[in-house]
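Owing to the predicted nature of the structure, the values given are computational and were not obtained by experimental measurement. These values consider heavy atoms only, across backbone and side chains, with no hydrogens, waters or symmetry-generated copies.
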Amino acid sequence: MSTASIIISILFVLCLTVPAGTHSLGLIKADDKPSQKWFIPLFFGVFQGVFVMGGFALGKLFAHLITYIATYMVFAMMIVVAVKMFVESMKILKGKMMYTVSNDTELALLVFMSCINTLLMSLMGPYFMPFGKGWYMLAVIVAGFLWSFFTIRVPFEPKMIKKVSFIEFSASVFMVIIAILYLFTDLI
């Protein structure tokens with residue numbers, strides 16, 4: 001892999017896992033146990049990896065159906081994920097996508113929602129998986145953990161809504177750029 005490929009692949013993984021950060025904003029309060037400050041980000045990260053494996057397994061089942069159009073399907077899936085992130089960024093800006101969690105079931109549902117992008121892209125895993133399957137899964141786990149780890153302690157304030165919305169919007173723009181690079185170059 002060239003240096004440009006590695007940088008683009010890292011950027012792809014970071015963009016893909018941005019919802020882990022946006023969904024975990026402000027989940028920890030000052031009086032919460034210190035173990036929760038590590039457990040919740042770990043939960044976000046590990047589930048990102050679980051969804052990579054689940055998506056890859058599902059994608060492998062149906063890979064024979066799209067062999068001839070796989071490049072275009074990967075491109076289309078990147079665009080779908082980018083549009084989904086763009087819509088989420090607009091909802092965040094309007095205050096409609098910020099969450100509070102009061103029990104473990106709600107946390108599990110929130111983690112599930114943050115992993116949808118990872119699942120969608122992993123469906124194309126037989127045709128597109130930067131770094132290879134094992135390293136890709138590890139990169140997604142680490143990125144999901146880090147996004148959540150850094151945003152979980154940030155207090156939920158109105159000014160943070162704009163920043164979080166901008167981060168998700170930027171990730172959607174980068175995802176479109178990466179999709180175009182994937183389709184028209186051999187960098188990824």
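- Cluster annotation: L138 and M53 are assigned to the same hydrophobic cluster (Ile/Leu/Val/Met/Phe/Trp/Tyr, side-chain heavy-atom contacts under 4.5 Å, transitive).
- Atoms SG and NE2, on C115 and H23 in that order, are 10.0 Å from each other to the nearest 0.5 Å.
- Residues P19 and N117 approach most closely at CG-ND2, 3.3 Å, considering heavy atoms.
- Note on ring orientation: taking the six-membered ring where Trp is involved, the planes of F43 and F39 are parallel (angle under 30°, cut-offs 30° and 60°).
- Between Y136 and F56, the ring center distance fails the sub-6.0 Å criterion.
- Under the 4.5 Å side-chain criterion, counting only non-hydrogen atoms from C-beta, I66 is in contact with Y127.
- Side chains of V87 and K91 form a contact here, defined as non-hydrogen atoms less than 4.5 Å apart.
- Of the options F131, F128, Y182, a ring-ring contact (aromatic ring centres under 6.0 Å, His included) to F12 is made by F128 and by none of the others.
- Taking both residues in full, the closest heavy atoms of T17 and A143 are given as OG1-CB, 3.3 Å, listed atom of the first, atom of the second, then distance.
- Between the CG atom of L120 and the CG atom of L58 there is a distance of 11.0 Å, given to the nearest 0.5 Å.
- Under the 4.5 Å side-chain heavy-atom criterion for Ile, Leu, Val, Met, Phe, Trp and Tyr, W135 and I6 are members of the same hydrophobic cluster.
- Aromatic ring centres of F86 and F169: separated by under 6.0 Å.
- Counting heavy atoms from C-beta on, the side chains of I167 and W147 come closer than 4.5 Å.
- Between M78 atom CE and M73 atom CE the span is 12.5 Å, to the nearest 0.5 Å.
- Using modelled atom types, no side-chain atom of S165 and backbone atom of I161 make a donor-acceptor pair closer than 3.5 Å.
- Of all heavy-atom pairs spanning Q48 and G144, the tightest one is CG-CA, 4.1 Å.
- In the hydrophobic cluster analysis, where Ile, Leu, Val, Met, Phe, Trp and Tyr join through side-chain heavy atoms closer than 4.5 angstrom, F44 is grouped together with F150.
- L16 has its side chain within reach of V81: a pair of non-hydrogen atoms, C-beta onward, lies under 4.5 Å apart.
- The distance from the OG atom of S114 to the CD atom of E88 is 9.5 Å, given to the nearest 0.5 Å.
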Test F47 against T118 for side-chain contact (heavy atoms from CB on, under 4.5 Å), laying out the working first.
-> CA-CA 10 Å; F47 265 83; T118 308; over 6 Å; no

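- No path of Ile, Leu, Val, Met, Phe, Trp and Tyr side chains, each step under 4.5 Å between heavy atoms, connects F166 with V173, placing them in separate hydrophobic clusters.
- In this pair, F112 and F51 present their aromatic rings perpendicular. The plane angle is above 60°, beyond the 30 to 60° band.
- Between F62 and L65 there is a side-chain heavy-atom pair separated by less than 4.5 Å.
- Expressed to the nearest 0.5 Å, how far CD1 of I79 lies from OG of S172 amounts to 10.0 Å.
- In plain terms, the two heavy atoms of A139 and V13 that are nearest each other are O-CG1, 3.6 Å.
- Among all heavy-atom pairs drawn from V52 and M129, the shortest one is CG1-CE, 4.4 Å.
- Closest approach of K84 and I116 over heavy atoms only: CE-CG2, 3.7 Å.
- Under a 3.5 Å cut-off, the side chain of S2 and the backbone N or O of S5 do form a donor-acceptor pair.
- Residue V164 is tested with L93, V18, T22 for a side-chain contact (heavy atoms from CB on, under 4.5 Å); the sole match is T22.
- To the nearest 0.5 Å, atom CD1 of residue I7 and atom OG1 of residue T3 are 6.5 Å apart.
- Both F75 and F184 are members of a single hydrophobic cluster when ILVMFWY side chains are connected at heavy-atom separations under 4.5 Å.
- A donor-acceptor pair shorter than 3.5 Å can be found between the side chains of T151 and S24.
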